[in-house]
Amino acid sequence: MQIETITTHPYNDQNPGTSGLRKKVKVFQQPGYLENFVQSIFDSLHDFSGKTLVLGGDGRYFNRPAIQIIIKMAAANGFGKIIIGQGGLLSTPAASHIIRKYNAFGGLILSASHNPGGPDEDFGIKYNIGNGGPAPEKDTTAFYLRSLNIDSYKMAHIEDIDLDSIGTIQIDDLSIAIIDPVTDYAELMQSIFDFNLLKQSIGSGYITLLFDAMHAITGPYAKRILVDMLGATSDSVINAEPLEDFGGHHPDPNLAHAKELAERMFGPAAPVFGAASDGDGDRNMITGSNIFVTPSDSLAIMAANAHLIPAYAQELRGVARSMPTSQAVDRVAACYNIPCYETPTGWKFFGNLLDAGKITLCGEESFGTGSDHVREKDGLWAVLFWLNLIARKRQSVADIVHEHWQKFGRDIYCRHDYEAVEMDIANGIVEHLRSQLPALPGQTFGEYTVKYADEFSYEDPIDGSISSNQGIRIGFENGSRIIFRLSGTGTVGATLRIYLERFEADASKHDQDAQSALAELINLAEQFCEIKKRTGRIEPDVVT
Ligand code: G1P
Ligand code: ZN
């Protein structure tokens, strides 16, 4: 195999965010841009000669050419085997599983998750380590530092690979395996959930369901598992065909973007269960007939009922949530007397806790839930978890949620996003917030007295690493919280996320609409951050 060393010049913007490097496709198409970042990753890793790399993406525009480039670079840099999903496709949780199952050295996942796709939209790449999870901060920092000094990258002279035919190709010492992207993952799901019970419940019509794949990666996975294996009708999976531009939509599973699903679930003759997943299959939105389950509640309900799922029946070691996720799961952990960890935003912070066996379930308010079965959040896993719960409890989604609130109380929750805010304004808001923090504790605003006001910092209990500046928190005496964070996944300007949360113990008040119940906190948030005043906007772009 002939290997060429190609001279390049560094780009100064290859600092990975919350989940890998995300940029506009046009940025990635600049000469050497993708190559520089991939070489920076390889240069920062050690001892992978002859080992296995897993490679796949969510199928968005630029996926295929990027895969061909990475194959040539992985070959030139000495990997012995590359495992690739057929068509260059792998959902993020499936990639995580395949890395683990085949003892790969690591994997490259090409995705910008829920961001839109197409020639003028977003692309992304992230590296996952041998445990199947996103590279920790010390690695992503090393990738970035290397990218600032890189002067060459390596490419092997090999033909483009046929990504569509399953089988193994041998080129000198390198073997390239094109695998079915669904089979291993489907087997894993079968080992976790009660597929016989699910078949009965779905086959008998007790559970009717609707899954919106949003023209993204989960279409083939949902068809195989929900339709072929569990007997759901073929029209139960909508927007099932993965498209390079996701049909022109944001493949973001929330009520705003999964419109068709939302209309059906809140319309007449709604199915018992409805769900959607995102571009790369790691997020989930859970709904039932006439009810939307917030991701924070979903995590808490899963934890409270995990004993009903075969894989978790024996033991729930502990749980974890990202800091802005509501405290609903904390109440379950306290009641079950198991530990609950609070981590910064981003799945990479759960990896050490999962590896050390400290937690079984974890989740984020951003439509992400998962368990120790892989090292990523997992959309279809969450869907199967809920289906299994409905089948076991023989209750509707609404009944399961209300029963949970009755027992634990309700953490009324919502998030307001202001997108594409000018960087200067966003930085000004953060500075303004910071300047108020020291004076806030003890001050009272209506029924809210500030208990603490700080910037979240996390010390990893396993490796002792410290991550600072992970969001501004204002906590009140009654347990309510307002949190402010700048997104680390956007590609245009800055996105300010405001997370609002208030606990309601009184069951007669559980049926309130979240926006009204949180109105006073929403006003307080504006008073603190002045986003409307400083941008002239009148409302958030997205409310979830
Ligand atoms: C967002 C979510 C975060 C999630 C990440 C990747 O990151 O808020 O919880 O882990 O996407 O899916 P953010 O844009 O807020 O940095
Ligand atoms: Zn995603």
Side-chain angles (χ1 to χ4, degrees), residues 113-118 202 205-223 225-227 230 232-243 245-298 301 365-369 379-380 382-387 389-390 395-402 412-417 419 511-517 539-544:
S113 190
H114 50 289
N115 297 12
I202 294 171
Y206 175 71
I207 299 181
T208 49
L209 68 101
L210 188 63
F211 178 80
D212 188 350
M214 305 192 84
H215 285 305
I217 191 75
T218 45
Y221 292 83
K223 284 246 167 214
I225 296 170
L226 300 175
V227 179
L230 297 177
T233 53
S234 59
D235 57 1
S236 310
V237 181
I238 56 173
N239 302 318
E241 189 199 345
L243 298 176
D245 67 348
F246 309 115
H249 301 294
H250 287 237
D252 196 358
N254 56 45
L255 291 176
H257 292 303
K259 241 184 151 169
E260 185 177 346
L261 176 91
E263 273 162 20
R264 299 259 303 268
M265 295 312 296
F266 287 88
V272 167
F273 178 80
S277 190
D278 72 330
D280 61 330
D282 56 358
R283 293 186 173 203
N284 71 87
M285 173 174 72
I286 301 296
T287 67
S289 173
N290 268 297
I291 185 166
F292 160 74
V293 187
T294 69
S296 296
D297 278 345
S298 177
I301 292 167
E365 52 64 45
S366 53
F367 298 84
T369 19
L380 268 169
V383 167
L384 292 164
F385 198 121
W386 268 92
L387 288 170
L389 278 191
I390 298 168
Q395 280 180 314
S396 67
V397 174
D399 286 349
I400 293 175
V401 172
H402 284 109
I412 305 176
Y413 186 86
C414 82
R415 181 176 110 185
H416 288 190
D417 288 347
E419 295 175 345
D511 269 330
Q512 302 180 66
D513 157 65
Q515 299 308 303
S516 340
E539 56 181 17
D541 297 283
V542 183
V543 175
T544 51

Counting distance only, does the side-chain N/O of [X] pair as donor-acceptor with the main-chain N or O of [Y] below 3.5 Å?
X: H250; Y: N115; answer: no
X: S289; Y: V272; answer: no
X: S396; Y: D399; answer: yes
X: N254; Y: A256; answer: yes
X: D212; Y: A258; answer: no

Can you give me the closest heavy-atom contact between [X] and [Y], atom names plus distance?
X: A216; Y: P251; answer: CB-CB, 4.2 Å
X: G281; Y: I217; answer: N-CG2, 3.3 Å
X: F246; Y: G279; answer: CE2-CA, 4.2 Å
X: S366; Y: R415; answer: CB-NH1, 3.7 Å
X: V237; Y: A240; answer: CG1-CB, 3.8 Å
X: G205; Y: T208; answer: O-CG2, 4.0 Å

Check: [Y] and [X] side chains under 4.5 Å, non-hydrogen atoms:
X: H416; Y: Q515; value: yes
X: S277; Y: M214; value: no
X: I286; Y: F367; value: no
X: L380; Y: F211; value: yes
X: S113; Y: D282; value: yes

Partner of L210 under side-chain contact (heavy atoms from CB on, under 4.5 Å), chosen from I238, D235, T233: I238
From [X] atom [atom1] to [Y] atom [atom2], the distance as rounded to the nearest 0.5 Å:
X: S298; Y: N284; atom1: OG; atom2: CG; answer: 5.5 Å
X: T544; Y: E365; atom1: OG1; atom2: CD; answer: 6.5 Å
X: I412; Y: Q512; atom1: CD1; atom2: CD; answer: 4.5 Å
X: M285; Y: T294; atom1: CE; atom2: OG1; answer: 12.5 Å
X: D278; Y: H257; atom1: CG; atom2: NE2; answer: 11.5 Å
X: I225; Y: K223; atom1: CD1; atom2: NZ; answer: 13.5 Å

Full working for side-chain contact (heavy atoms from CB on, under 4.5 Å) between T287 and V397: CA-CA 7 Å; T287 67; V397 174; over 6 Å; no
Test item: side-chain donor near acceptor, H402 and D511, under 3.5 Å: yes
Stepwise side-chain contact (heavy atoms from CB on, under 4.5 Å) check, W386 with I400: CA-CA 10 Å; W386 268 92; I400 293 175; 4.0 Å; yes
Pair R283 + D252, salt bridge at N-O below 4.0 Å: yes
Pair L209-V383, side-chain contact (heavy atoms from CB on, under 4.5 Å): steps then yes or no: CA-CA 10 Å; L209 68 101; V383 167; over 6 Å; no
